[in-house]
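Below, chains carry the letters A, B, ... as their sequence lines are ordered, and counting in each starts from 1.
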Protein chains: 2
Amino acid sequence: MTLGRLNHVGVATPSIARSIETYRDLMGATVIGEPFDLPAQGVKVCFIDTPPSTGSGQGTQIELIEPYDDSSPIAGFLKKNPAGGQHHVCFEVADIRAAVADLKAKGATVLGEPRIGAHGTPIVFVHPKDMGGVLVELMETPTSNHDTRDH
Amino acid sequence: MTLGRLNHVGVATPSIARSIETYRDLMGATVIGEPFDLPAQGVKVCFIDTPPSTGSGQGTQIELIEPYDDSSPIAGFLKKNPAGGQHHVCFEVADIRAAVADLKAKGATVLGEPRIGAHGTPIVFVHPKDMGGVLVELMETPTSNHDTRDH
């Protein structure tokens, strides 16, 4: 596989509402999506855009993630980090199945089968033990530009 | 202040050499800078480029960070996370002194005075308690395009 664009950085939070206030009022974020539920993943999410390096490009997003309930996969992360914190990084790939096959052939531990993620394209996670302690999400590059407020 | 581009994600590692192998051989990274020392910050660093969303843009970089010695500010982080992990996110700002003044006026804890960072422009860190558990670096936007291999 070839490393694709850094689509977003996943940030766990006990409260998306409070995190939105922080990014808006303290850091000056201006493009903030509507929070939405991803019950199949056990999380609520909200994307905050950062500016691209050029006018026509797309910047890497901050993905705020809040547990959907106590069985949420990130509930454990928040128990260890009650204030929240950096949870994962997500790189785009052209073909998720080819990327998974390549990673498995190289001995990496891919967590489960590809499933539809927050941007509507297939995603999969790679175990942190293979990536220097960093939880890595791979997502298939969307075929059209993504609007964070259109879900 | 206005939230600027996500310049890089800082990833602590016990070995930049091994992390470079991982990003190159497992993830398919192709643009990897030469590691260099930042003794004033107590770290060695290496920037890995990710592709931009458009051909002429700049993607968000992964900044690998390895302790310079046992007194390094990230030595403690690696004691808690021996395999490494996500350490900080770095947003660009147009004017670091204006950003610091704005943050302080809003009650945020800015760690120290601006100093020259790995990209040669002034940087400063904001305490994680103000940012939902995320250590945030702010860096003044470089005035010219940055080449990761030109230090």
Side-chain angles (χ1 to χ4, degrees), chain A residues 1-6 8-9 11-15 18-19 22-31 48-54 56-62 64 81-89 91-93 99 102-103 106-108 126 128-136 138 145, chain B residues 1-6 8-9 11-15 18-19 22-31 48-54 56-62 64 81-89 91-93 99 102-103 106-108 126 128-136 138 145:
Chain A
M1 61 171 279
T2 302
L3 185 70
R5 192 171 83 84
L6 184 63
H8 63 264
V9 176
V11 172
T13 172
S15 167
R18 282 205 301 277
S19 288
T22 299
Y23 278 88
R24 184 189 60 210
D25 300 342
L26 188 61
M27 299 299 287
T30 54
V31 183
I48 295 178
D49 286 8
T50 68
S53 62
T54 58
S56 61
Q58 283 183 296
T60 295
Q61 294 174 311
I62 301 295
L64 300 172
N81 307 276
Q86 293 183 70
H87 181 263
H88 68 270
V89 294
F91 298 107
E92 295 181 6
V93 292
D102 186 32
L103 289 166
K106 289 173 177 160
V126 182
K129 73 184 163 80
D130 296 314
M131 285 301 302
V134 176
L135 179 60
V136 171
L138 300 177
N145 280 344
Chain B
M1 62 172 279
T2 302
L3 185 70
R5 192 171 82 86
L6 185 63
H8 63 262
V9 177
V11 171
T13 172
S15 167
R18 282 204 302 276
S19 288
T22 299
Y23 278 88
R24 185 190 59 209
D25 300 342
L26 189 61
M27 299 300 287
T30 54
V31 183
I48 295 178
D49 286 8
T50 68
S53 63
T54 59
S56 61
Q58 284 183 297
T60 296
Q61 294 173 310
I62 301 295
L64 299 172
N81 307 276
Q86 290 188 70
H87 182 263
H88 68 270
V89 294
F91 298 107
E92 295 181 5
V93 292
D102 186 31
L103 288 167
K106 288 172 178 163
V126 182
K129 72 184 163 80
D130 296 313
M131 284 302 300
V134 175
L135 179 61
V136 170
L138 300 176
N145 278 346

Top of B/A108, B/G59, B/G4 for chain A proximity - count of heavy-atom pairs under 4.5 angstrom: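 Heavy-atom pairs under 4.5 Å are most numerous for B/G4.
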Option that, when pairs with chain A are counted at under 4.5 Å, heavy atom only, ranks first among B/L103, B/N81, B/T13: B/L103
Interchain contact, B/I62 with chain A, by part (heavy-atom threshold 4.5 Å):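 When you check distances to chain A, only side chain atoms of B/I62 fall under 4.5 Å.
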Chain A contact via B/D130 - side chain, backbone, both or neither, heavy atoms under 4.5 Å: both
Looking at [options], which makes the most heavy-atom pairs under 4.5 Å with chain B?
options	value
A/P51, A/G84, A/S15, A/A29	A/P51
A/E92, A/R24, A/Q86, A/R5	A/Q86
A/A83, A/P52, A/P128, A/A99	A/A83

Side-chain touch A/T50/B/L3, heavy atoms, less than 4.5 angstrom: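 Side chain of A/T50 against side chain of B/L3, heavy atoms only: contact under 4.5 Å found.
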side-chain contact (heavy atoms from CB on, under 4.5 Å) between A/L138 and B/M27, worked out: CA-CA 10 Å; A/L138 300 177; B/M27 299 300 287; 3.7 Å; yes
Value rounded to 0.5 Å, distance of CD in B/Q61 from CG in A/L6: 11.0 Å
Do you know the tightest heavy-atom contact between [X] and [Y]?
X	Y	result
A/S53	B/Q58	OG-N, 2.5 Å
B/G57	A/T54	CA-CG2, 3.7 Å
A/K106	B/L26	CB-CD1, 3.9 Å

Portion of A/V89 that has a non-hydrogen atom of chain B nearer than 4.5 angstrom: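 When you check distances to chain B, atoms from both the backbone and side chain of A/V89 fall under 4.5 Å.
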Side chain, backbone, both or neither of A/S19 within contact of chain B (heavy atoms, under 4.5 Å): neither
